[in-house]
Colleague: 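Starting off with a structure, shown below.
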Protein chains: 2
Amino acid sequence: MNPVGRPKNFEPDVVIAQAMETFWTKGYADTSPADLAEATGVGKGSLYHCFGSKRELFGKVLDLYNKVGAEVTEQVLSEPGTAKERIRALLVLLVDMDLDGPVRRGCLAQNAVAEIGGHDEAAKRAVLRMEQRMVELFAARLEQGQRDGDVDRALNARAQGLYLETTLAGLRTMAMTFDRKALYQIIDTALAGL
Amino acid sequence: MNPVGRPKNFEPDVVIAQAMETFWTKGYADTSPADLAEATGVGKGSLYHCFGSKRELFGKVLDLYNKVGAEVTEQVLSEPGTAKERIRALLVLLVDMDLDGPVRRGCLAQNAVAEIGGHDEAAKRAVLRMEQRMVELFAARLEQGQRDGDVDRALNARAQGLYLETTLAGLRTMAMTFDRKALYQIIDTALAGL
DNA sequence: ATAGTTCTTGAACTACAGGTCAAAAATCAG
DNA sequence: CTGATTTTTGACCTGTAGTTCAAGAACTAT
């Protein structure tokens, strides 16, 4: 049942994850095929053989980023606590992750849309899908809170979800330049209405 | 008192403004010296003679962007109305400007920090200064509102200013992918607490 | 007019990005 | 083993980014 022919000596999924780190840290334009080869340990030729082009590999990277992001979000939001507590925990976690790394690199999806969104409709659609997903996850957690009784029933969960995703995007932009104290204060202010 | 030597046949400030449009639309990496020469009508050699390098010209562009942004903000915030009304007007204006152009290009400063912030400390500092300026302008307008009696005296103007700048950053990110209706709804939600 | 200065023009250069390809290597079917 | 298939390797290629430079043009001062 094995595929015929010489076997790959790498796992595409691992390579995509390594490429994600490189694109995330250096940006799309500033990541060369040579960089990717070095970061993954796979020859340039093999990368092209497997993924077709730099842009296609980046597409796979965005898919992975979307998947991981959604998983982390679902995980954190579903832990015990009120909606407000869990949403705060998510925002704090992401801010901490942004600041704890050796270099501020923000959100890969936002960086992608900023860098290539202007001339790459597919990239824009991919990022839109991620954002919509996040809106839904926020909204769903708020509705859960309404059922649990820790969120006002009068609140428009959908609108609040959209707002929270905006806040998250803003936070990650601010996390490129501001310090932790300011970012925590922003979280407090943004969640004051919940 | 005229400068000695052959006169320039272009205005550096105009060239900077034209370069701003190009960088804004295409992004930093994707804008070549040839693009800049075409956009400005000035020869590549002259551009280098005058500005030194692509990166230095971009530095001037960021300075101009900062100046224009601050001027527009001060203008809009100082028109008649309550603090909430004026801040809403500013957010609406910026969203409209983002959406009315032929191509979604977001905020030049955010794009810059997303694209080159990771390996360009000077760019990061320039964007931080702009953001801090905006925080101050928001805070000052809120304090004005407190004196006018249309903003709660208990409100922490500094924290709210930081929050509003974050909201603005998030909005402009969302303006890359979402439609006008969603963005207006976000503004409503974000300002509900004022 | 000449000298000194500053700007323009366009060719030239180096380096590397992004991608292709031919040949060899590693597997499987028969 | 042979042949078919798939992958690896690394050399190679084309185009362009970013920059420099030499020559000449346009000005001021004397």
Side-chain angles (χ1 to χ4, degrees), chain A residues 1-16 18-62 111-112 115-116 118-120 122-123, chain B residues 1-16 18-62 111-112 115-116 118-120 122-123:
Chain A
M1 292 295 168
N2 271 341
V4 98
R6 176 171 177 169
K8 284 185 177 48
N9 64 11
F10 62 89
E11 288 289 338
D13 286 352
V14 172
V15 164
I16 292 168
Q18 292 165 323
M20 181 171 85
E21 293 302 317
T22 308
F23 279 125
W24 199 349
T25 302
K26 304 196 56 168
Y28 180 75
D30 204 39
T31 296
S32 69
D35 291 331
L36 292 167
E38 187 183 352
T40 60
V42 176
K44 257 198 317 184
S46 293
L47 290 176
Y48 275 87
H49 182 65
C50 183
F51 298 105
S53 71
K54 178 180 163 181
R55 178 61 185 81
E56 285 175 81
L57 173 54
F58 189 64
K60 301 282 191 188
V61 163
L62 284 183
N111 295 350
E115 192 173 348
I116 63 176
H119 51 83
D120 191 322
Chain B
M1 288 302 166
N2 271 341
V4 98
R6 176 174 178 169
K8 285 185 177 48
N9 63 10
F10 62 90
E11 288 289 339
D13 286 352
V14 173
V15 164
I16 292 167
Q18 291 166 323
M20 181 172 83
E21 293 302 316
T22 308
F23 279 126
W24 199 349
T25 301
K26 306 195 53 166
Y28 179 76
D30 205 39
T31 296
S32 68
D35 291 330
L36 293 167
E38 187 183 353
T40 60
V42 176
K44 263 199 306 187
S46 294
L47 289 176
Y48 275 87
H49 182 66
C50 183
F51 299 105
S53 73
K54 178 180 164 183
R55 179 60 185 83
E56 285 175 79
L57 172 55
F58 189 65
K60 301 281 190 187
V61 162
L62 284 182
N111 295 350
E115 193 172 348
I116 62 176
H119 51 82
D120 191 323

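Note on naming: letters A, B, ... go to the chains in the order of the sequence lines (proteins, then strands), and numbering restarts at 1 for each one.
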Colleague: At 4.0 Å (heavy atoms only), tell me whether S32(B) reaches a base, stays on the sugar-phosphate, or touches nothing.
Modeller: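 If one applies the 4.0 Å heavy-atom cut-off, S32(B) turns out to touch the sugar-phosphate alone, with no base involved.
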
Colleague: How would you list, by chain and number, every residue that makes a salt bridge (Lys or Arg N to Asp or Glu O under 4.0 Å) with D120(A), sequence neighbours excluded?
Modeller: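 Testing D120(A) for salt bridge (Lys or Arg N to Asp or Glu O under 4.0 Å), a comparison that skips the adjacent residues, returns R55(A).
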
Colleague: Take atom NZ of K8(A) and atom P of dT5(D), then tell me their distance rounded to the nearest Å.
Modeller: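 Spelled out: NZ on K8(A) to P on dT5(D) is 17 Å.
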
Colleague: Heavy atoms from C-beta onward define the side chain here; which of dT7(D), dT8(C), dG18(C) lies closest to that of Y48(A)?
Modeller: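 Comparing dT7(D), dT8(C), dG18(C) against the side chain of Y48(A), the answer is dG18(C).
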
Colleague: Under the 3.5 Å rule, do the base of dT19(D) and the side chain of K44(B) count as making a donor-acceptor pair?
Modeller: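 Checked by distance alone, the answer is yes.
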
Colleague: Answer with base, sugar-phosphate or nothing: what part of the nucleic acid does P33(A) contact at a heavy-atom distance below 4.0 Å?
Modeller: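 Base, at least one base atom sits under 4.0 Å.
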
Colleague: Whole angstroms only, please: what is the CZ-P distance between F51(B) and dT19(D)?
Modeller: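 F51(B) atom CZ is separated from dT19(D) atom P by 14 Å.
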
Colleague: Is K54(B) reaching over with its side chain to a backbone N or O of L36(B), donor-acceptor style, under 3.5 angstrom?
Modeller: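 Checking the backbone N and O of L36(B) against the side chain of K54(B), no donor-acceptor pair under 3.5 Å is found.
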
Colleague: Just to be sure I understand the rule, does F10(B) reach a base, reach only the sugar-phosphate, or reach nothing, if contact means heavy atoms closer than 4.0 Å?
Modeller: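 Since only primed, P, OP1 and OP2 atoms lie under 4.0 Å of F10(B), the category is sugar-phosphate.
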
Colleague: Looking at N9(B), I'd like to know whether one of its side-chain N or O atoms comes within less than 4.0 Å of OP1 or OP2 on dC7(C).
Modeller: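 It does not, given that no N or O in the side chain of N9(B) lies less than 4.0 Å from OP1 or OP2 of dC7(C).
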
Colleague: How many Å lie between CG on D30(A) and C1' on dG18(D), as a whole number?
Modeller: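 It works out to 14 Å between those atoms.
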
Colleague: Give, for atom CG of L62(B) and atom OH of Y28(B), the distance between the pair rounded to the nearest 0.5 Å.
Modeller: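 It comes to 10.0 Å.
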
Colleague: Taking CD in E21(B) as the centre, count heavy atoms belonging to other residues, nucleotides or ligands within less than 6.0 Å. Is the count above 12?
Modeller: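 Yes, the 6.0 Å shell around CD holds more than 12 heavy atoms from other groups.
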
Colleague: Atom NE2 of H49(A) and atom P of dT5(D): how far apart are they, to the nearest Å?
Modeller: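 Atom NE2 in H49(A) sits about 14 Å away from atom P in dT5(D).
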
Colleague: Whole angstrom is fine here: how far is it from CZ in F23(A) over to C1' in dA17(C)?
Modeller: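 Rounded to the whole Å, the gap is 13 Å.
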
Colleague: Please report, rounded to the nearest Å, how far the P atom of dC21(D) is from the CG atom of L47(B).
Modeller: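 Roughly 17 Å, once rounded to whole Å.
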
Colleague: For G45(A) and for G43(B), locate the closest nucleotide of DNA chain C by heavy-atom distance; then report the residue assigned to the nucleotide nearer the 5' terminus.
Modeller: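 Checking each residue's closest nucleotide, the 5'-ward one belongs to G43(B).
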
Colleague: If you find the nucleotide of DNA chain D closest to S53(B) and the one closest to V4(B), which residue's nucleotide is nearer the 5' end?
Modeller: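 With S53(B) and V4(B) compared, the 5'-side residue is S53(B).
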
Colleague: Go through dA26(D), dT7(D), dT19(D) for me and flag the one nearest to the R6(B) side chain.
Modeller: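 Of dA26(D), dT7(D), dT19(D), dA26(D) is nearest to the side chain of R6(B).
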
Colleague: Starting from P on dG18(C), measure out to CD1 on I116(A) and report it in whole angstrom.
Modeller: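 Computing the I116(A):CD1 to dG18(C):P distance gives 12 Å.
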
Colleague: So, does S46(B) get its side chain near the phosphate of dC7(C), meaning an N or O under 4.0 Å from OP1 or OP2?
Modeller: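 No, outside the criterion.
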
Colleague: To the nearest Å, how far apart are K54(A) NZ and dA17(C) P?
Modeller: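 It is 9 Å, rounded to the nearest whole Å.
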
Colleague: Looking at the side chain of P7(A), which of dT27(C), dT19(D), dT8(C) is the nearest nucleotide?
Modeller: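 Closest of the options to the side chain of P7(A): dT27(C).
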
Colleague: Output the distance between atom OG (S32(B)) and atom NZ (K44(B)), rounded to the nearest 0.5 Å.
Modeller: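 These two atoms lie 8.0 Å from each other.
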
